[in-house]
Structure formats: C-alpha cells, structure tokens
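Right, one structure below, let's go through it.
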There are 2 protein chains.
Amino acid sequence: MVEPDVQIDEIDLALLRSLQADARAPISALSRDASVSRANAYARLARLRESGVIARLSACVNPYLAGLSLAAVILLRATTDAWPRWSSFAEAFDEMPEVEFAADLAGEVDMILLARFSDMDHLRSFIENDLRRLPGIAGIRTLLVLNETPKRSWLLPRSSRRGKRRDRRD
Amino acid sequence: MVEPDVQIDEIDLALLRSLQADARAPISALSRDASVSRANAYARLARLRESGVIARLSACVNPYLAGLSLAAVILLRATTDAWPRWSSFAEAFDEMPEVEFAADLAGEVDMILLARFSDMDHLRSFIENDLRRLPGIAGIRTLLVLNETPKRSWLLPRSSRRGKRRDRRD
DNA sequence: TTTGAAAGAGATACAAG
DNA sequence: CTTGTATCTCTTTCAAA
C-alpha cells in the first residue's frame with residue numbers, strides 16, 4: 001500500500017495490458033504491440049518490475065477445475081477493542097490457504113474475505129476452527145457465491161478516464 | 001463454472017504452484033521442482049492449459065502503483081423481478097473496466113463487486129453513471145477498502161485437507 | 001516415463017546510429 | 001530511443017532406452 005513516485009505512461013500501460021493477456025509473450029511481441037523498440041520495452045519492463053508495478057507473473061488457475069468448487073464471501077465485524085489491529089488480522093488471513101482475498105473496510109462491515117473450499121464440510125470447519133478462534137472477531141456473516149465473473153485480472157485505466165478530472169497530483 | 005472431469009494429482013499441483021509463483025519460469029525448472037522429467041512436465045502443462053485449469057498466464061499489476069489508488073467493495077440488492085438474471089448483470093459488469101470481481105451471492109446480499117478507481121470523483125461517477133443506471137438494482141451499499149492483503153493468487157489445496165474428510169467423490 | 005539430441009525462437013547485453 | 005548483432009538459454013519435437 002505504498003504510494004511512491006512511479007510514472008506510468010501510455011506505452012507502459014500498453015505493455016502491462018499485453019503482459020496481462022499473456023505473461024509469456026515474447027518481448028518482441030510486446031514491443032511491437034506497444035509500438036516501441038525491443039530495447040525500450042525491455043528497459044521499461046525491468047523498471048515496472050523493480051518498482052513493483054508488476055508484482056509478479058502468475059498462472060491464473062480456475063479454482064472450480066482445481067478442486068475448490070465452493071466459494072464464499074465472508075463479512076466480518078471486529079470487536080471495538082480489536083479495531084486498530086488490521087495488521088494482526090491480515091497476518092492470520094495470510095496463513096489461511098482458503099482465503100484468496102482479505103480487506104479492511106470502512107462502513108457497516110469491518111472486514112471482508114473471499115475464500116474457497118473443496119466442499120461444505122471444508123467451509124464449515126474453516127468457520128468453526130479458523131475464524132471463530134480468531135480473537136477480536138465479533139460477527140461473521142457468510143454469503144455463498146452462486147456465480148462469479150471469470151475473475152478478470154482487471155483492466156487498466158485508459159489514458160483519460162471517463163468523467164471529468166481536473167489534474168493529477170501523483 | 002463448468003464442472004468437468006479433470007483429474008489433478010500432486011505433481012500437477014506442484015507445477016501449478018510453481019507457475020503461480022513465476023509464470024515465466026522455464027519448464028526445466030518447473031519439472032525439477034515437481035520432480036518429473038521435462039517431457040512429463042511439458043505434457044502436463046499442455047493438458048492443464050487445454051482443460052482450462054490454467055486459465056491464462058498473466059501479470060499481476062499493483063493497482064495502487066498503477067494509478068488506481070482507491071478500491072471499494074460494493075454490495076448490491078436486486079429487485080425481485082430482476083432476480084433470476086445474473087447473466088445480464090454479469091455482462092454489464094464485464095463492460096465496466098473498474099470492476100475487478102463480481103459475484104452473485106446467496107444471502108442477505110444479492111451481488112458483490114470489487115472495483116477500483118483513480119479517485120473519489122471516479123468512484124462517484126461510477127456509482128451515479130454506471131451502477132444507478134443499471135435496471136434491476138434495488139440497493140447499493142459502498143464500502144471503502146482501507147487496506148487489503150497483497151491479493152494472493154490463492155494457494156492450492158494440499159493433498160489431504162485440514163480437518164476430516166471421509167471420501168472424495170470428484 | 002525418462003533421457004538425449006537438435007533446430008528454431010527468444011532473452012539479454014551491448015555497440016553504433 | 002532505435003537498429004543490429006552476438007551469445008546463451010529455452011522451447012518444442014522426436015527418437016531411443
């Protein structure tokens with residue numbers, strides 16, 4: 001959640017988009033699609049990686065085909081005294097392999113999890129053995145996922161965003 | 001959301017794990033880590049890809065470093081008449097570049113979105129111009145993300161899951 | 001399934017324009 | 001920033017053990 005001074009231009013975005021589509025695409029193809037030279041693309045990709053903009057190159061595995069046929073969104077409330085301790089929760093969630101995504105929220109829900117399970121039994125034992133034993137959790141609401149979008153790696157913003165924007169201060 | 005007959009053994013899991021860590025790792029390295037021959041790894045990876053277990057190889061971009069410094073979880077209720085039409089919503093969400101993840105839920109919330117924005121203005125215009133104009137939406141609750149885990153690509157299940165499980169029927 | 005070999009493609013570094 | 005070149009590593013296929 002660092003906010004450093006990384007400048008990303010349209011060429012970087014084009015490279016990122018291509019890499020998101022195919023992380024194994026040859027650099028010559030990426031450079032062609034971004035309309036720059038190979039050397040340029042090479043240097044930019046190195047910079048994007050070192051600066052952390054590209055966190056990693058990864059395989060997107062279909063969980064439903066990999067034995068995790070059940071997904072749930074879990075809404076959590078924390079006890080008021082556990083409030084300022086997101087970092088301790090984050091650590092705990094990181095240790096739970098079923099948790100794909102965890103976030104600290106502002107609003108009527110304190111934290112949210114997206115988690116995946118092999119079956120109902122697995123979900124039940126996760127809630128009973130892992131979640132309920134976590135200190136600082138005041139409420140657990142479990143919502144089963146009936147359907148989900150193909151988990152887009154999300155698209156990058158276009159150069160000029162929709163709607164107005166006066167200036168950029170980053 | 002197809003549930004076909006794909007069999008994945010421990011060697012496949014090892015390959016998937018390695019590929020998740022580095023999608024550009026040479027196959028010789030993957031095969032070494034999985035303790036199989038290159039030819040074997042090669043054949044397995046081809047099968048995993050064709051069967052869709054590996055949906056794609058992609059770059060994981062840090063949204064906060066890429067100009068999307070604001071994230072929100074959006075909980076939606078659908079009007080009762082729009083109820084059985086997840087597919088139409090899914091299509092609409094797919095067209096919205098800010099939506100990273102969308103799911104149809106069972107429970108007190110009908111649908112959930114994880115969306116990313118460049119700033120508050122962007123979030124506001126998204127809700128007003130994109131969400132509110134969608135027919136069939138009865139309620140919108142927006143929760144700002146204060147903090148989130150590094151968006152683990154999620155770990156694959158170990159061979160024997162924690163807790164009990166009598167038998168596998170897949 | 002594994003190992004070995006072999007052709008072609010791509011990565012990476014560096015020079016010169 | 002580009003193009004060209006050179007070396008080395010991978011990919012991919014295939015044959016033999």
Side-chain angles (χ1 to χ4, degrees), chain A residues 4-62 65-67 153 156-160 168 170, chain B residues 4-62 65-67 153 156-160 168 170:
Chain A
D5 43 334
V6 194
Q7 284 299 5
I8 294 180
D9 61 18
E10 276 305 310
I11 293 172
D12 292 318
L13 285 180
L15 292 172
L16 290 173
R17 264 187 282 260
S18 300
L19 254 200
Q20 284 196 324
D22 179 8
R24 280 189 102 120
I27 294 188
S28 55
L30 303 177
S31 68
R32 179 167 21 78
D33 294 347
S35 307
V36 291
S37 66
R38 278 154 291 130
N40 193 349
Y42 197 79
R44 283 168 181 272
L45 289 170
R47 191 176 57 75
L48 288 170
R49 242 180 208 270
E50 280 151 29
S51 64
V53 175
I54 298 174
R56 68 213 167 85
L57 302 176
S58 178
C60 300
V61 174
N62 183 329
L65 296 183
S153 84
L156 295 160
R158 284 68 47 91
S159 53
S160 36
R168 307 279 296 144
D170 50 338
Chain B
D5 43 334
V6 193
Q7 284 299 6
I8 293 179
D9 61 18
E10 277 304 309
I11 294 171
D12 292 318
L13 285 181
L15 292 172
L16 291 173
R17 264 188 282 259
S18 300
L19 254 200
Q20 283 196 326
D22 179 8
R24 280 189 101 118
I27 295 188
S28 55
L30 302 177
S31 68
R32 178 166 23 78
D33 294 347
S35 308
V36 289
S37 66
R38 278 153 288 131
N40 193 345
Y42 197 77
R44 282 168 182 270
L45 288 170
R47 191 176 56 75
L48 288 170
R49 245 181 207 270
E50 280 151 29
S51 63
V53 175
I54 297 174
R56 69 213 167 83
L57 302 176
S58 178
C60 300
V61 175
N62 182 328
L65 296 183
S153 84
L156 296 160
R158 285 68 46 89
S159 53
S160 37
R168 307 279 298 145
D170 49 336

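The basis for the numbers below is simple: all heavy atoms, side chains too, and nothing from hydrogens, waters or symmetry mates. The sequence lines fix the lettering, A, B, ..., with proteins before strands; numbering per chain opens at 1. Being a predicted model, the structure only gives us computed values, none of them experimental.
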Exceeds 12 heavy-atom contacts within 6.0 angstrom, atom CZ of A:R49 | no
Check for a donor-acceptor pair, side chain of B:R32 on one end and backbone N or O of B:R38 on the other, with a separation under 3.5 Å.
-> no
Tell me which nucleotide among D:dT2, D:dT12, C:dT1 gets nearest to the side chain of B:I27.
-> D:dT12
Taking the side chain of B:N40 as its heavy atoms from C-beta onward, which of D:dT2, D:dT11, C:dT1 lies nearest to it?
-> C:dT1
Taking CG from A:L45 and P from C:dA13, how many angstroms apart are they, rounded to a whole number?
-> 13 Å
Taking for A:A25 and for A:A39 the nucleotide of DNA chain C with the nearest heavy atom, the one nearer the 5' end belongs to A:A25
Separation of D:dC10 P from B:L30 CG (nearest whole Å) = 11 Å
Does B:R24 make a side-chain N or O approach to OP1 or OP2 of C:dA11 shorter than 4.0 Å?
-> yes
Is there a donor-acceptor pair closer than 3.5 Å between any side-chain N or O of A:R44 and the backbone N or O of A:S31?
-> no
Rounded off to whole Å, could you give me the CZ-to-C1' distance for the A:R47 and D:dC1 pair?
-> 14 Å
Measure the distance from CG on A:L57 to C1' on C:dA11 and round it to the nearest whole Å.
-> 14 Å
Length of the CZ-C1' vector between A:R32 and C:dG10, whole Å = 13 Å
Pairing of A:R17 and A:D33 as salt bridge, 4.0 angstrom limit = no
Given C:dT1, C:dG4, C:dA11, the nucleotide with the shortest approach to the side chain of B:R38 = C:dG4
Contact nearer the 5' end of DNA chain C, comparing B:S35 with A:Y42 = B:S35
